[in-house]
Amino acid sequence: MPELPEVESIRRQLEPLLCGRHVIRCDSHPSVKFLPAREIIGMGFESVNRRGKYLLFGLDDGNEMVIHLGMTGQLLPVSDLSDPHLRAWWEFDNELILGYRDIRRFGRIRICKPNQYDGTLKTMGPEPLSDDFTVEQFHSTLKKSSRKIKTQLLSQRPVAGVGNIYADEACFRAGIYPGVRRLTKAQARDLHESIRYVLSIAVENGGTTLRDYVNVEGKEGTNQHFLTCYGRWDQPCLNCGEPLRRTVIDNRGTTFCGNCQRR
DNA sequence: TATGTATCCTGTCGGC
DNA sequence: TGCCGACAGGATACAT
C-alpha cells in the first residue's frame, strides 16, 4: 500500500530514467481509470514530481500525467506485456518499457494541467517534510473538524501522504489514541513531530513492504522491520509491554496500545 | 457544508 | 482437498 515514503522512493528512481525521454508506444487496460495512459504517445517527460501519494509526470505539452498507485500499484520496467496485472505501459525512445501493474485496480491515471487539480489533490494539506507543515497550521486544520484524528489524517487534508500504516505509527509514537476527536496544542505538536519522524525514517528505509510494494528495481523496502505499532496487535508494546490492541476506526484496521494511547 | 457509509477490486487466509 | 466468505484499504460517490 504505497504511502508517501513508498511513492517518494519510486519517484527518485524514475526521475533519472524518464526525464528527457519520449513515448513512442503505449497502451492501457480499457477501464476509464487507466485509459488516459494512452493519451501521451509522442510526448516527452520533463519532470517527475510527487504530491502526497500522487506521482506527477511533467510532459512537454505543458500537461501532467498524474498516477495514484492505489493499494497494489507498481511502476517498473517490464518485458512481458501479457502480464494479466499490467494495466498500462509506455515504451520510450531508449527501448525502456515502463509498466504499471496493479493487481486490485485501485489506482488511477489521469492527465491534467499543473496545479489545476480536483478531488483529493486539490484539497490536500502541506507536504509533511516541508517547511510548510507547521504545528500552528496543523492544529488549526484539525480543530476545524470533529472527525476522529486518524480519519482526518487519512483524508489528506491536515497533511499529505499519510496512510493507514504511518497514521498508526505516528499516533503510537505521539501517545495519542487514533479515535480521539480533539487534540490539545501540545498533542498536536507531538503528533506533528511524530508524523515527520516516522515518514523520514520510512523514506530512509526505502518504504514499507508488507505484501505488494516493490520499487522500480523490483526490490522491497526495509521499513517493515522498524514498525513499532502497525500490524503488531497481540504483541507487546515496545514502551510498556502490554499487548497491543486492534480495533476498527472508520472501516480501517487500527493497532494501538490501550495503556500508552489513552482515550 | 460536514460527516458517515458503500463501493470498487482481487489475492489470501481461515473455517467448514 | 476444495469451496466459500471475510478481510485488507485509498479515493470517491452518495446519503444523511
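Just so it is clear: chains get the letters A, B, ... in the order the sequence lines come, proteins before strands, and each one is counted from 1. It should be emphasised that the depicted structure is a prediction, and the values quoted were computed from it without experimental measurement.
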Does the side chain of A:Glu169 pick up a donor-acceptor pair with the side chain of A:Thr228 at under 3.5 Å?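 There is such a pair between these side chains.
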Stacking of A:Phe106 on C:dA11 base (centres under 5.5 Å, planes under 30°):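 No, A:Phe106 does not stack on the base of C:dA11, since the centre distance and plane angle fail the 5.5 Å and 30° test.
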Of the options C:dA11, C:dG9, B:dT10, whose atoms approach the side-chain atoms of A:Lys53 most closely?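 For A:Lys53, the side-chain atoms sit closest to C:dA11.
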May I have the distance from [X] (atom [atom1]) to [N] (atom [atom2]), rounded to whole angstrom?
| X | N | atom1 | atom2 | result |
| --- | --- | --- | --- | --- |
| A:Asp168 | C:dG9 | CG | C1' | 12 Å |
| A:Leu121 | C:dA11 | CG | P | 9 Å |
| A:Lys144 | B:dT1 | NZ | P | 14 Å |
| A:Gln74 | B:dG11 | CD | P | 13 Å |
| A:Leu142 | B:dT3 | CG | P | 12 Å |
| A:Tyr117 | C:dA11 | OH | C1' | 17 Å |
| A:Lys148 | B:dA2 | NZ | P | 19 Å |
| A:Arg157 | B:dG4 | CZ | P | 13 Å |

Once rounded to the nearest 0.5 Å, what's the spacing between atom CZ of A:Arg104 and atom OG1 of A:Thr72?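 These two atoms lie 6.0 Å from each other.
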Base, sugar-phosphate, or nothing: which does A:Arg101 touch, judged by heavy atoms less than 4.0 Å apart?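 Since no nucleic acid heavy atom lies under 4.0 Å of A:Arg101, the category is nothing.
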Does A:Arg252 reach a base, just sugar-phosphate, or nothing at all? Heavy atoms under 4.0 Å.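 If one applies the 4.0 Å heavy-atom cut-off, A:Arg252 turns out to touch a base.
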With distance as the sole criterion, do the side chain of A:Arg147 and the base of B:dG4 form a donor-acceptor contact below 3.5 Å?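 Check passes, donor-acceptor contact within cut-off.
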Examine C:dT12: is either OP1 or OP2 under 4.0 Å from a nitrogen or oxygen in the side chain of A:Thr120? Give yes or no.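 Answer is yes, contact under 4.0 Å.
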So, OP1 or OP2 of B:dA2: does either fall under 4.0 Å of a side-chain N or O from A:Ser146?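 Looking at the OP1 and OP2 atoms of B:dA2, neither is under 4.0 Å from any side-chain N or O of A:Ser146.
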Determine, step by step, whether A:Arg21 and A:Leu96 satisfy the side chain to side chain contact (heavy atoms under 4.5 Å, CB included) criterion, reporting the C-alpha distance in whole Å, the side-chain angles of both residues, the deciding distance to 0.1 Å, and the verdict. CA-CA 9 Å; A:Arg21 295 297 172 189; A:Leu96 167 71; over 6 Å; no
Option passing side-chain contact (heavy atoms from CB on, under 4.5 Å) with A:Phe45 (candidates A:Ile40, A:Leu98, A:Asp60):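 The passing option is A:Ile40.
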Looking at the rings of A:Tyr177 and A:Phe256, which for Trp means the six-membered one, are their centres under 6.0 Å apart?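 Yes, close enough.
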